[in-house]
Amino acid sequence: MTNPDTLLVFDESVTRAGVEAWIQHLESTGAPTEMYRLGDTHVLSVTDVDLIDKAGPALPAPTHRVRKHRDVWLGRKEVRPTGTRVSFGPTTIGDGSVVVIAGPCAVESAEQTLATAAIGAEHGAAGLRGGVFKPRTSPHSFQGLQWDGLDLLTEARERTGLPVVTEVIDPEHVKRLAAVVDGLQIGARNMQNFALLTAAGQSGLPVVLKRGFGCTMEETLAAAEYLLLEGNDQVVLCERGIRTFEPSARFTLDLTAVALWKQRTHLPVMVDPSHSGGHPDLVEPLSLAAIAVGADALIIDVHVAPEQALCDGKQALLPRQFADLMGRLAPLAAGLGRHMSGAQSGASRVH
Ligand code: PEP
Ligand code: MN
């Protein structure tokens with residue numbers, strides 16, 4: 001029976017010439033065909049399945065034949081059942097290891113940024129976070145050091161070897177940020193800023209896409225499609241808590257979404273227990289739960305002096321608390337047959 005909504009997936013084992021031959025075959029019959037690229041994987045959208053069956057042995061067999069889902073095509077697990085690995089500087093997210101990215105909510109000063117980065121590297125973080133442009137609820141709050149903060153992030157990277165991720169809030173900023181940092185973060189408030197998603201997709205850089213706190217897990221997958229459509233498969237989904245009727249924590253961490261994403265998408269999944277819990281005491285239990293449920297990575301707020309922080313100090317871990325957390329994560333990872341990503345090479349990264 002004809003299924004008009006089919007994707008033909010060709011992984012890296014199929015040459016570009018083989019994919020081109022398929023396009024020629026489909027177009028010679030007048031069937032409209034779209035080609036998408038996901039890293040080394042090519043995906044053809046086919047409207048007439050009979051043409052696939054009539055292709056003959058001269059054409060390479062597709063690696064997968066996938067039914068097109070309504071809103072989410074390229075991000076579906078079936079397109080790449082082995083999962084996507086995201087290269088964030090020297091760190092790989094999605095290879096089974098447990099990746100911890102640590103750092104301040106906002107880059108505030110040289111002293112604060114460099115000291116926090118050193119703490120992260122010392123205790124086995126595999127990446128540094130730090131916002132230079134901060135999307136704040138109130139315009140009266142600290143908006144970040146903006147372009148002046150960027151050099152501090154690169155200096156921290158030089159000193160520790162940790163790749164850096166920072167939030168981008170404006171499509172016009174993407175190129176300039178992408179020239180410097182190792183990964184871009186799209187924040188919860190911008191998850192459906194489609195111009196920003198497209199620009200970030202075009203950068204080719206890894207993108208941490210945070211779930212909007214009023215968006216469903218499927219809407220997050222649909223937002224990720226904007227990045228994937230640009231040929232950028234270096235996308236990490238981040239659950240950072242949603243707004244519910246429960247007022248006891250800043251947000252409610254939706255671990256069900258993490259489990260569902262692990263089943264429904266090939267993209268790696270990150271959890272932010274700092275912004276969801278909003279309190280240092282919640283970071284450890286939420287982190288352990290996130291890894292147990294299958295998250296590939298955690299992103300954690302750490303600050304050398306949280307009481308002086310200009311942004312989100314109430315949820316930041318002290319260096320000692322971060323060290324304790326890493327100590328608790330390692331045996332959990334081992335029990336799950338996983339290892340801590342930064343721990344193997346963390347010591348050698350500190351200059
Ligand atoms: C952040 O990571 O500092 C941040 C603003 O997060 P979110 O977009 O999840 O609120
Ligand atoms: Mn924050």
Side-chain angles (χ1 to χ4, degrees), residues 88 99-108 112-113 116-117 120 125 127-139 141-146 149 152-153 164-170 173 177 181-193 196-197 200 206-217 219-220 223-224 227 235-244 249-255 257-258 261 269-280 282-283 286-287 290 295 297-303 305-317 322:
F88 171 46
V99 173
V100 177
I101 295 172
C105 174
V107 169
E108 299 167 2
Q112 168 250 15
T113 304
T116 308
L128 172 68
R129 63 152 289 149
V132 293
F133 287 95
K134 295 304 303 176
R136 302 304 298 277
T137 300
S138 166
S141 303
F142 175 58
Q143 302 288 307
L145 293 182
Q146 311 205 346
L152 299 178
L153 280 180
V164 299
V165 58
T166 200
E167 179 162 355
V168 58
I169 59 173
D170 184 333
H173 295 171
L177 286 174
V181 298
D182 305 281
L184 297 171
Q185 177 179 316
I186 293 188
R189 289 156 190 81
N190 272 312
M191 189 199 87
Q192 290 181 314
N193 180 337
L196 183 61
L197 292 168
V207 179
V208 173
L209 177 61
K210 298 188 98 176
R211 177 183 179 186
F213 44 77
C215 295
T216 66
M217 56 82 66
E219 285 165 345
T220 313
L227 298 161
V235 178
V236 182
L237 303 175
C238 182
E239 162 59 28
R240 43 77 72 218
I242 54 175
R243 191 157 274 169
T244 68
R250 189 174 180 194
F251 294 94
T252 300
L253 185 63
D254 183 6
L255 289 176
V258 177
W261 278 341
V269 176
M270 181 181 281
V271 166
D272 181 341
S274 303
H275 285 80
S276 50
H279 195 280
L282 286 172
V283 173
L286 297 182
S287 296
L298 298 168
I299 187 162
I300 314 261
D301 279 14
V302 180
H303 200 291
E307 71 289 352
Q308 288 164 26
L310 299 177
C311 183
D312 284 350
K314 283 198 192 114
Q315 68 200 29
L317 295 187
F322 179 65

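Whatever order the structure lists them in is the order used to number ligands and atoms, beginning at 1.
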Asks: What residues form a ring pair (Phe, Tyr, Trp, His ring centres under 6.0 Å) with Phe133, not counting sequence neighbours?
Replies: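 Once residues adjacent in sequence are excluded, the partners of Phe133 under the ring pair (Phe, Tyr, Trp, His ring centres under 6.0 Å) criterion are Trp147, His173.
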Asks: Salt bridge or not between Arg250 and Asp312? Use side-chain N to carboxylate O under 4.0 Å.
Replies: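 Salt bridge present between Arg250 and Asp312.
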Asks: Give the total of protein N/O/S atoms at a distance below 2.8 Å from the Mn ion (ligand 2).
Replies: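 Number of qualifying protein atoms: 3.
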Asks: Under the criterion side chain to side chain contact (heavy atoms under 4.5 Å, CB included), which of Val271, Asp272, Leu282 is the partner of Leu253?
Replies: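 The option that passes is Val271.
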Asks: Could you tell me whether the side chain of Trp261 reaches within less than 4.5 Å of the side chain of Thr220, counting heavy atoms only?
Replies: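 Answer yes - side chains close enough.
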Asks: Testing the basics here: between Phe322 and Gly120, what is the closest heavy-atom pair and its distance to 0.1 Å?
Replies: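 Phe322 and Gly120 have their closest heavy atoms at CE2-CA, 3.9 Å.
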Asks: When you measure from the side chain of Ser276 to the backbone N and O of Phe251, does any donor-acceptor pair fall under 3.5 Å?
Replies: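 The answer is no, because no donor-acceptor pair under 3.5 Å joins these two groups.
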Asks: Which side-chain N or O atoms in residues 183-193 pair as donor and acceptor under 3.5 Å with protein atoms at least two apart or in another chain?
Replies:
{"unit_1": "Asn190", "atom_1": "OD1", "unit_2": "Asn193", "atom_2": "ND2", "d": "3.1"}
{"unit_1": "Asn193", "atom_1": "OD1", "unit_2": "Leu196", "atom_2": "N", "d": "3.2"}

Asks: Considering only heavy atoms, which protein residues lie less than 4.0 Å from any atom of ligand 1?
Replies: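 Within 4.0 Å of ligand 1, the protein residues are Cys105, Arg129, Lys134, Glu167, Gln185, Gly187, Ala188, Arg189, Lys210, Arg240, His275.
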Asks: Is Glu239 reaching over with its side chain to a backbone N or O of Ala257, donor-acceptor style, under 3.5 angstrom?
Replies: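 The answer is no, because no donor-acceptor pair under 3.5 Å joins these two groups.
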Asks: Please determine whether side chain to side chain contact (heavy atoms under 4.5 Å, CB included) holds for the pair Met270 and Ile101, giving the CA-CA distance in whole Å, both sets of side-chain angles, and the decisive distance to 0.1 Å.
Replies: CA-CA 10 Å; Met270 181 181 281; Ile101 295 172; 3.6 Å; yes
